[in-house]
2 protein chains.
Amino acid sequence: MARLSDIIETFLKEMLNDMHGTVEIQRNELANRFNCVPSQINYVISTRFTNDKGYYVESRRGGGGSISIRRFNIDCAGDYLMHIISAIGDSLSQHTCEVFINNFFDYEMIDVREASLMRAALSDKALVDVPMEKRDNVRASIMKNMLMSLTVL
Amino acid sequence: MARLSDIIETFLKEMLNDMHGTVEIQRNELANRFNCVPSQINYVISTRFTNDKGYYVESRRGGGGSISIRRFNIDCAGDYLMHIISAIGDSLSQHTCEVFINNFFDYEMIDVREASLMRAALSDKALVDVPMEKRDNVRASIMKNMLMSLTVL
DNA sequence: TTGTCTGACTATCTCTGACTATCATTATAC
DNA sequence: GTATAATGATAGTCAGAGATAGTCAGACAA
(Lines give C-alpha, C1' and ligand atoms only; values in the text may rest on other atoms or scores of the structure.)
Protein backbone atom coordinates (compact mmCIF):
# COMPACT_ATOMS: atom_id res chain seq x y z
CA MET A 1 0.00 0.00 0.00
CA ALA A 2 1.24 3.47 -0.84
CA ARG A 3 2.43 5.46 2.08
CA LEU A 4 0.30 8.37 3.20
CA SER A 5 3.29 10.69 3.11
CA ASP A 6 3.83 9.88 -0.55
CA ILE A 7 0.19 10.53 -1.34
CA ILE A 8 0.28 13.87 0.39
CA GLU A 9 3.57 14.70 -1.31
CA THR A 10 2.07 13.95 -4.72
CA PHE A 11 -1.02 15.94 -3.93
CA LEU A 12 1.00 18.99 -2.98
CA LYS A 13 3.26 18.70 -6.01
CA GLU A 14 0.28 18.52 -8.34
CA MET A 15 -1.14 21.54 -6.62
CA LEU A 16 2.18 23.31 -7.10
CA ASN A 17 2.03 22.55 -10.81
CA ASP A 18 -1.51 23.79 -11.12
CA MET A 19 -0.71 26.94 -9.19
CA HIS A 20 2.49 27.83 -11.01
CA GLY A 21 4.83 27.07 -8.16
CA THR A 22 3.11 28.49 -5.12
CA VAL A 23 0.53 26.93 -2.84
CA GLU A 24 -0.97 27.98 0.43
CA ILE A 25 -2.58 25.38 2.64
CA GLN A 26 -4.12 25.06 6.04
CA ARG A 27 -2.53 22.30 8.03
CA ASN A 28 -5.68 21.08 9.75
CA GLU A 29 -7.74 21.15 6.59
CA LEU A 30 -5.18 19.09 4.72
CA ALA A 31 -4.86 16.64 7.61
CA ASN A 32 -8.60 16.31 7.55
CA ARG A 33 -8.72 15.59 3.86
CA PHE A 34 -6.21 12.78 4.30
CA ASN A 35 -7.55 11.60 7.62
CA CYS A 36 -4.36 11.97 9.55
CA VAL A 37 -3.03 13.99 12.44
CA PRO A 38 -1.92 17.52 11.64
CA SER A 39 1.67 16.83 12.52
CA GLN A 40 1.83 14.38 9.64
CA ILE A 41 1.73 17.39 7.38
CA ASN A 42 4.79 18.75 9.11
CA TYR A 43 6.47 15.44 8.58
CA VAL A 44 5.76 15.45 4.87
CA ILE A 45 6.93 19.02 4.50
CA SER A 46 10.09 18.54 6.50
CA THR A 47 11.08 15.41 4.62
CA ARG A 48 9.86 16.21 1.10
CA PHE A 49 9.83 19.95 0.65
CA THR A 50 13.24 20.91 1.94
CA ASN A 51 15.48 23.66 0.67
CA ASP A 52 17.83 21.11 -0.77
CA LYS A 53 15.03 19.72 -2.87
CA GLY A 54 14.16 23.14 -4.21
CA TYR A 55 11.32 24.34 -2.03
CA TYR A 56 10.76 27.29 0.23
CA VAL A 57 8.32 26.93 3.09
CA GLU A 58 6.82 29.63 5.25
CA SER A 59 4.06 29.51 7.80
CA ARG A 60 2.00 31.57 10.14
CA ARG A 61 0.28 30.45 13.33
CA GLY A 62 -2.84 31.75 15.01
CA GLY A 63 -6.31 32.43 13.67
CA GLY A 64 -6.26 32.39 9.89
CA GLY A 65 -2.78 30.88 9.92
CA SER A 66 -1.44 28.82 7.04
CA ILE A 67 1.55 27.19 5.39
CA SER A 68 2.89 28.32 2.05
CA ILE A 69 5.19 26.35 -0.19
CA ARG A 70 7.11 27.84 -3.11
CA ARG A 71 9.13 25.98 -5.68
CA PHE A 72 12.38 27.47 -6.90
CA ASN A 73 12.77 28.54 -10.42
CA ILE A 74 15.13 25.98 -11.84
CA ASP A 75 15.52 27.61 -15.25
CA CYS A 76 18.02 30.14 -16.50
CA ALA A 77 20.49 31.46 -13.96
CA GLY A 78 18.78 29.28 -11.41
CA ASP A 79 20.40 26.24 -12.94
CA TYR A 80 23.87 27.58 -12.47
CA LEU A 81 23.06 28.75 -8.98
CA MET A 82 21.65 25.37 -8.04
CA HIS A 83 24.85 23.85 -9.29
CA ILE A 84 26.91 26.16 -7.13
CA ILE A 85 24.68 25.52 -4.15
CA SER A 86 25.16 21.81 -4.38
CA ALA A 87 28.88 22.31 -4.95
CA ILE A 88 29.24 24.26 -1.73
CA GLY A 89 29.82 21.77 1.00
CA ASP A 90 29.32 22.27 4.69
CA SER A 91 32.18 24.66 5.06
CA LEU A 92 33.23 27.85 3.32
CA SER A 93 36.09 30.21 4.09
CA GLN A 94 35.75 33.96 3.81
CA HIS A 95 38.27 33.90 1.01
CA THR A 96 36.34 31.37 -1.04
CA CYS A 97 33.20 33.43 -0.53
CA GLU A 98 34.98 36.41 -1.95
CA VAL A 99 35.91 34.44 -5.05
CA PHE A 100 32.34 33.23 -5.52
CA ILE A 101 30.86 36.68 -5.07
CA ASN A 102 33.28 38.24 -7.52
CA ASN A 103 32.35 35.57 -10.02
CA PHE A 104 28.64 36.14 -9.60
CA PHE A 105 29.23 39.82 -10.10
CA ASP A 106 31.41 39.30 -13.17
CA TYR A 107 28.76 37.11 -14.72
CA GLU A 108 26.15 39.76 -13.90
CA MET A 109 24.13 37.44 -11.75
CA ILE A 110 24.20 39.99 -8.95
CA ASP A 111 24.67 43.74 -8.94
CA VAL A 112 27.03 45.83 -6.89
CA ARG A 113 24.63 46.33 -3.98
CA GLU A 114 23.79 42.66 -3.81
CA ALA A 115 27.47 41.78 -3.84
CA SER A 116 28.03 44.23 -1.05
CA LEU A 117 25.20 42.78 1.02
CA MET A 118 26.55 39.28 0.56
CA ARG A 119 30.08 40.25 1.50
CA ALA A 120 28.76 41.97 4.61
CA ALA A 121 26.70 38.98 5.72
CA LEU A 122 29.53 36.52 5.13
CA SER A 123 32.40 38.50 6.59
CA ASP A 124 34.32 37.40 9.64
CA LYS A 125 33.33 40.69 11.14
CA ALA A 126 29.64 39.79 10.98
CA LEU A 127 30.32 36.32 12.33
CA VAL A 128 32.61 37.34 15.14
CA ASP A 129 30.28 35.86 17.76
CA VAL A 130 30.29 32.47 16.10
CA PRO A 131 32.93 30.17 17.59
CA MET A 132 35.87 29.74 15.21
CA GLU A 133 35.32 26.03 14.74
CA LYS A 134 31.78 26.62 13.53
CA ARG A 135 32.28 29.80 11.57
CA ASP A 136 32.92 28.26 8.17
CA ASN A 137 29.90 26.01 8.55
CA VAL A 138 27.66 28.94 9.35
CA ARG A 139 29.15 30.84 6.43
CA ALA A 140 28.35 27.98 4.06
CA SER A 141 24.81 27.83 5.36
CA ILE A 142 24.24 31.58 4.98
CA MET A 143 25.73 31.55 1.48
CA LYS A 144 23.52 28.68 0.38
CA ASN A 145 20.43 30.30 1.80
CA MET A 146 21.18 33.59 0.09
CA LEU A 147 21.79 31.94 -3.25
CA MET A 148 18.61 29.93 -2.96
CA SER A 149 16.66 33.05 -2.20
CA LEU A 150 17.86 34.48 -5.51
CA THR A 151 16.69 31.49 -7.50
CA VAL A 152 13.06 32.11 -6.66
CA LEU A 153 13.03 35.63 -8.03
CA MET B 1 -10.02 32.35 5.96
CA ALA B 2 -8.93 35.94 5.64
CA ARG B 3 -8.02 37.58 8.88
CA LEU B 4 -10.12 40.54 9.88
CA SER B 5 -7.02 42.28 11.16
CA ASP B 6 -5.45 42.08 7.70
CA ILE B 7 -8.57 43.49 6.10
CA ILE B 8 -8.67 46.40 8.50
CA GLU B 9 -4.93 46.95 8.07
CA THR B 10 -5.33 47.12 4.29
CA PHE B 11 -8.28 49.45 4.60
CA LEU B 12 -6.33 51.85 6.77
CA LYS B 13 -3.27 51.74 4.54
CA GLU B 14 -5.31 52.52 1.48
CA MET B 15 -6.89 55.36 3.36
CA LEU B 16 -3.41 56.58 4.31
CA ASN B 17 -2.39 56.55 0.66
CA ASP B 18 -5.49 58.41 -0.42
CA MET B 19 -5.04 60.97 2.33
CA HIS B 20 -1.34 61.56 1.78
CA GLY B 21 -0.16 59.95 4.97
CA THR B 22 -2.62 61.04 7.62
CA VAL B 23 -5.96 59.58 8.62
CA GLU B 24 -8.32 60.26 11.46
CA ILE B 25 -10.85 57.63 12.45
CA GLN B 26 -13.41 56.96 15.10
CA ARG B 27 -12.85 53.65 16.76
CA ASN B 28 -16.50 52.70 17.21
CA GLU B 29 -17.46 53.70 13.71
CA LEU B 30 -14.66 51.61 12.21
CA ALA B 31 -15.52 48.65 14.43
CA ASN B 32 -19.08 48.96 13.25
CA ARG B 33 -18.10 48.97 9.61
CA PHE B 34 -16.17 45.75 10.08
CA ASN B 35 -18.60 44.19 12.52
CA CYS B 36 -16.15 43.67 15.32
CA VAL B 37 -15.60 44.85 18.86
CA PRO B 38 -13.93 48.24 19.21
CA SER B 39 -10.87 46.79 20.89
CA GLN B 40 -10.10 44.93 17.69
CA ILE B 41 -9.17 48.28 16.24
CA ASN B 42 -6.67 48.75 19.04
CA TYR B 43 -5.29 45.33 18.27
CA VAL B 44 -4.77 46.15 14.61
CA ILE B 45 -3.15 49.45 15.41
CA SER B 46 -0.85 48.06 18.07
CA THR B 47 0.32 45.19 15.91
CA ARG B 48 0.40 46.84 12.47
CA PHE B 49 0.94 50.53 12.92
CA THR B 50 3.83 50.60 15.35
CA ASN B 51 6.66 53.09 15.48
CA ASP B 52 9.03 50.44 14.21
CA LYS B 53 6.92 50.12 11.12
CA GLY B 54 6.99 53.82 10.50
CA TYR B 55 3.71 55.06 11.92
CA TYR B 56 2.82 57.54 14.55
CA VAL B 57 -0.51 57.16 16.37
CA GLU B 58 -2.34 59.65 18.57
CA SER B 59 -5.79 59.54 20.10
CA ARG B 60 -8.28 61.53 22.12
CA ARG B 61 -10.95 60.06 24.37
CA GLY B 62 -14.29 61.50 25.39
CA GLY B 63 -17.01 63.10 23.31
CA GLY B 64 -15.76 63.76 19.80
CA GLY B 65 -12.69 61.65 20.46
CA SER B 66 -10.79 59.94 17.68
CA ILE B 67 -7.62 58.15 16.61
CA SER B 68 -5.17 59.60 14.15
CA ILE B 69 -2.50 57.70 12.29
CA ARG B 70 0.41 59.34 10.50
CA ARG B 71 3.04 57.73 8.36
CA PHE B 72 6.59 58.92 8.86
CA ASN B 73 8.21 60.73 6.06
CA ILE B 74 11.56 59.18 5.37
CA ASP B 75 13.42 61.89 3.47
CA CYS B 76 16.95 60.67 3.84
CA ALA B 77 17.32 56.92 3.52
CA GLY B 78 20.91 57.01 4.72
CA ASP B 79 19.95 58.83 7.91
CA TYR B 80 17.19 56.37 8.52
CA LEU B 81 19.55 53.45 8.05
CA MET B 82 22.10 54.94 10.44
CA HIS B 83 19.33 55.48 12.94
CA ILE B 84 18.26 51.84 12.68
CA ILE B 85 21.82 50.62 12.93
CA SER B 86 22.38 52.49 16.14
CA ALA B 87 19.01 51.39 17.45
CA ILE B 88 19.83 47.72 16.94
CA GLY B 89 21.40 46.40 20.08
CA ASP B 90 23.42 43.25 20.51
CA SER B 91 20.49 40.98 19.90
CA LEU B 92 17.85 40.69 17.20
CA SER B 93 15.11 38.12 16.78
CA GLN B 94 14.17 36.73 13.40
CA HIS B 95 10.78 38.30 13.79
CA THR B 96 12.17 41.76 14.40
CA CYS B 97 14.40 41.36 11.35
CA GLU B 98 11.35 40.60 9.30
CA VAL B 99 9.69 43.79 10.45
CA PHE B 100 12.76 45.87 9.60
CA ILE B 101 13.20 44.31 6.19
CA ASN B 102 9.56 44.80 5.25
CA ASN B 103 9.96 48.37 6.32
CA PHE B 104 13.04 48.99 4.20
CA PHE B 105 11.22 47.48 1.27
CA ASP B 106 8.09 49.56 1.82
CA TYR B 107 10.20 52.69 1.84
CA GLU B 108 11.95 51.55 -1.31
CA MET B 109 15.32 51.55 0.36
CA ILE B 110 15.90 48.02 -0.85
CA ASP B 111 14.38 46.08 -3.73
CA VAL B 112 12.75 42.69 -3.70
CA ARG B 113 15.98 40.77 -4.38
CA GLU B 114 17.86 42.61 -1.68
CA ALA B 115 15.05 41.97 0.78
CA SER B 116 15.15 38.33 -0.13
CA LEU B 117 18.91 38.14 0.33
CA MET B 118 18.66 39.76 3.74
CA ARG B 119 15.87 37.48 4.89
CA ALA B 120 17.87 34.48 3.77
CA ALA B 121 21.01 35.56 5.58
CA LEU B 122 19.17 36.35 8.78
CA SER B 123 16.85 33.37 8.93
CA ASP B 124 17.01 30.75 11.63
CA LYS B 125 17.51 28.28 8.82
CA ALA B 126 20.78 29.90 7.81
CA LEU B 127 21.92 30.18 11.41
CA VAL B 128 20.97 26.70 12.47
CA ASP B 129 24.59 25.85 13.33
CA VAL B 130 24.89 28.80 15.67
CA PRO B 131 24.07 27.81 19.25
CA MET B 132 20.66 29.09 20.29
CA GLU B 133 22.01 31.36 23.01
CA LYS B 134 24.22 33.18 20.51
CA ARG B 135 21.94 33.20 17.51
CA ASP B 136 20.26 36.54 18.13
CA ASN B 137 23.63 38.17 18.73
CA VAL B 138 24.99 36.87 15.46
CA ARG B 139 21.83 37.99 13.72
CA ALA B 140 22.21 41.50 15.07
CA SER B 141 25.78 41.57 13.89
CA ILE B 142 24.97 40.36 10.39
CA MET B 143 22.10 42.83 10.09
CA LYS B 144 24.26 45.76 11.13
CA ASN B 145 26.99 44.76 8.73
CA MET B 146 24.59 44.45 5.83
CA LEU B 147 23.00 47.81 6.57
CA MET B 148 26.39 49.46 6.86
CA SER B 149 27.31 48.06 3.49
CA LEU B 150 24.27 49.77 1.97
CA THR B 151 25.09 53.18 3.40
CA VAL B 152 28.34 53.43 1.51
CA LEU B 153 26.87 52.76 -1.94
C1' DT C 1 17.35 -0.37 11.07
C1' DT C 2 15.15 3.19 8.96
C1' DG C 3 11.41 5.69 7.72
C1' DT C 4 6.44 6.62 8.93
C1' DC C 5 2.83 7.96 11.89
C1' DT C 6 0.69 9.59 16.24
C1' DG C 7 -0.60 12.44 20.09
C1' DA C 8 0.51 15.22 23.91
C1' DC C 9 2.42 19.39 24.73
C1' DT C 10 3.93 24.03 23.27
C1' DA C 11 4.12 28.50 20.72
C1' DT C 12 2.00 32.13 18.37
C1' DC C 13 -1.46 35.02 16.52
C1' DT C 14 -6.31 36.70 16.59
C1' DC C 15 -10.49 38.14 18.62
C1' DT C 16 -13.66 39.31 22.45
C1' DG C 17 -15.69 41.50 26.40
C1' DA C 18 -15.56 43.33 30.89
C1' DC C 19 -13.57 46.89 33.16
C1' DT C 20 -11.16 51.43 33.30
C1' DA C 21 -9.72 56.22 31.89
C1' DT C 22 -10.59 60.54 29.82
C1' DC C 23 -13.00 64.33 27.95
C1' DA C 24 -17.17 67.39 26.83
C1' DT C 25 -21.56 68.78 28.05
C1' DT C 26 -25.27 69.54 30.99
C1' DA C 27 -27.48 69.87 35.46
C1' DT C 28 -27.28 71.34 40.21
C1' DA C 29 -25.81 73.87 44.34
C1' DC C 30 -24.31 77.90 46.32
C1' DG D 1 -22.45 83.52 37.73
C1' DT D 2 -19.30 80.10 39.18
C1' DA D 3 -17.96 75.84 41.02
C1' DT D 4 -19.01 71.21 41.26
C1' DA D 5 -21.30 67.02 40.23
C1' DA D 6 -23.56 63.92 37.08
C1' DT D 7 -24.02 62.03 32.54
C1' DG D 8 -22.82 60.48 28.14
C1' DA D 9 -19.48 59.52 24.63
C1' DT D 10 -15.43 58.31 23.49
C1' DA D 11 -10.83 55.46 23.64
C1' DG D 12 -7.44 52.12 26.37
C1' DT D 13 -6.11 47.84 28.82
C1' DC D 14 -5.78 43.24 29.79
C1' DA D 15 -6.76 38.56 30.60
C1' DG D 16 -8.67 34.79 28.55
C1' DA D 17 -10.84 32.10 24.81
C1' DG D 18 -10.21 30.47 20.19
C1' DA D 19 -7.62 29.11 16.11
C1' DT D 20 -3.86 27.99 14.07
C1' DA D 21 0.99 25.75 13.40
C1' DG D 22 5.51 23.49 15.54
C1' DT D 23 8.12 20.03 18.28
C1' DC D 24 9.45 15.82 19.91
C1' DA D 25 9.55 11.33 21.83
C1' DG D 26 7.85 7.07 21.19
C1' DA D 27 4.98 3.51 18.82
C1' DC D 28 4.69 1.17 14.58
C1' DA D 29 5.68 -0.67 9.90
C1' DA D 30 8.53 -1.88 5.76
Side-chain angles (χ1 to χ4, degrees), chain A residues 1-13 23-53 55-70, chain B residues 1-13 22-53 55-70 92-99 102 123-125 127-128 131-133 135-136:
Chain A
M1 192 185 107
R3 277 162 302 204
L4 220 206
S5 293
D6 292 341
I7 297 173
I8 297 175
E9 178 189 5
T10 304
F11 175 80
L12 287 173
K13 286 187 172 165
V23 293
E24 183 145 354
I25 54 165
Q26 296 217 284
R27 193 180 72 148
N28 291 345
E29 190 187 290
L30 199 61
N32 240 334
R33 173 195 292 258
F34 290 105
N35 253 307
C36 61
V37 293
S39 56
Q40 170 100 34
I41 307 302
N42 295 89
Y43 177 69
V44 173
I45 287 174
S46 64
T47 56
R48 268 80 162 172
F49 293 88
T50 59
N51 266 341
D52 283 352
K53 293 182 176 154
Y55 298 93
Y56 245 9
V57 178
E58 282 178 322
S59 68
R60 194 160 166 196
R61 308 188 192 191
S66 63
I67 301 175
S68 79
I69 305 177
R70 275 188 299 157
Chain B
M1 186 189 77
R3 279 165 292 242
L4 220 207
S5 293
D6 292 344
I7 297 172
I8 297 175
E9 177 190 5
T10 303
F11 175 80
L12 287 173
K13 285 188 172 165
T22 310
V23 294
E24 184 144 353
I25 53 165
Q26 296 218 287
R27 192 180 73 149
N28 291 345
E29 188 188 294
L30 199 60
N32 239 335
R33 172 196 291 258
F34 290 105
N35 252 309
C36 62
V37 293
S39 55
Q40 171 102 34
I41 307 302
N42 296 89
Y43 176 70
V44 173
I45 287 175
S46 64
T47 55
R48 268 84 160 166
F49 293 88
T50 59
N51 262 334
D52 273 358
K53 293 180 179 165
Y55 299 93
Y56 189 64
V57 178
E58 280 178 321
S59 67
R60 217 175 44 244
R61 308 189 191 191
S66 64
I67 302 174
S68 80
I69 306 176
R70 273 187 299 151
L92 199 60
S93 71
Q94 184 175 3
H95 185 259
T96 312
C97 281
E98 189 65 29
V99 171
N102 287 339
S123 69
D124 269 333
K125 234 181 265 175
L127 302 179
V128 70
M132 265 307 222
E133 68 273 14
R135 200 172 293 174
D136 284 353

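Just so it is clear: chains get the letters A, B, ... in the order the sequence lines come, proteins before strands, and each one is counted from 1.
Within 4.0 Å (heavy atoms only), A:S66 reaches sugar-phosphate atoms of the nucleic acid but no base atom.
The listed nucleotides are C:dC13, C:dT4, D:dA21; the one nearest the side chain of A:R48 is C:dT4. Comparing C:dC5, D:dA21, D:dT10 by their nearest atom to the side chain of A:S5 picks out C:dC5.
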Determine all donor-acceptor pairs shorter than 3.5 Å in which one atom belongs to a side chain in residues 30-40 of chain A; sequence neighbours excluded.
residue: A:Q40; atom: NE2; partner: A:S5; partner atom: OG; Å: 2.9

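Distance, B:I45 CD1 to C:dC13 P: 19 Å, rounded to whole Å. Note: CG (A:N32) to C1' (D:dT20) measures 14 Å, nearest angstrom. Residue B:E98 contributes atom CD, which lies 15 Å from atom C1' of C:dT12 at whole-angstrom precision. Note: CD1 (A:I67) to P (D:dA21) measures 6 Å, nearest angstrom. Between B:N28 atom CG and D:dG8 atom P there is a gap of 16 Å when expressed in whole angstrom units.
Put simply, the side chain of A:R61 and the base of D:dG22 share no donor and acceptor less than 3.5 Å apart. No donor-acceptor contact under 3.5 Å links the side chain of A:R3 to the base of C:dG3.
Listed by residue number, A:S39, A:N42 are the residues of residues 34-42 of chain A with a heavy-atom contact under 4.0 Å to DNA chain D.
For A:E29, the salt bridge (Lys or Arg N to Asp or Glu O under 4.0 Å) test picks out no residue, with sequence neighbours left out.
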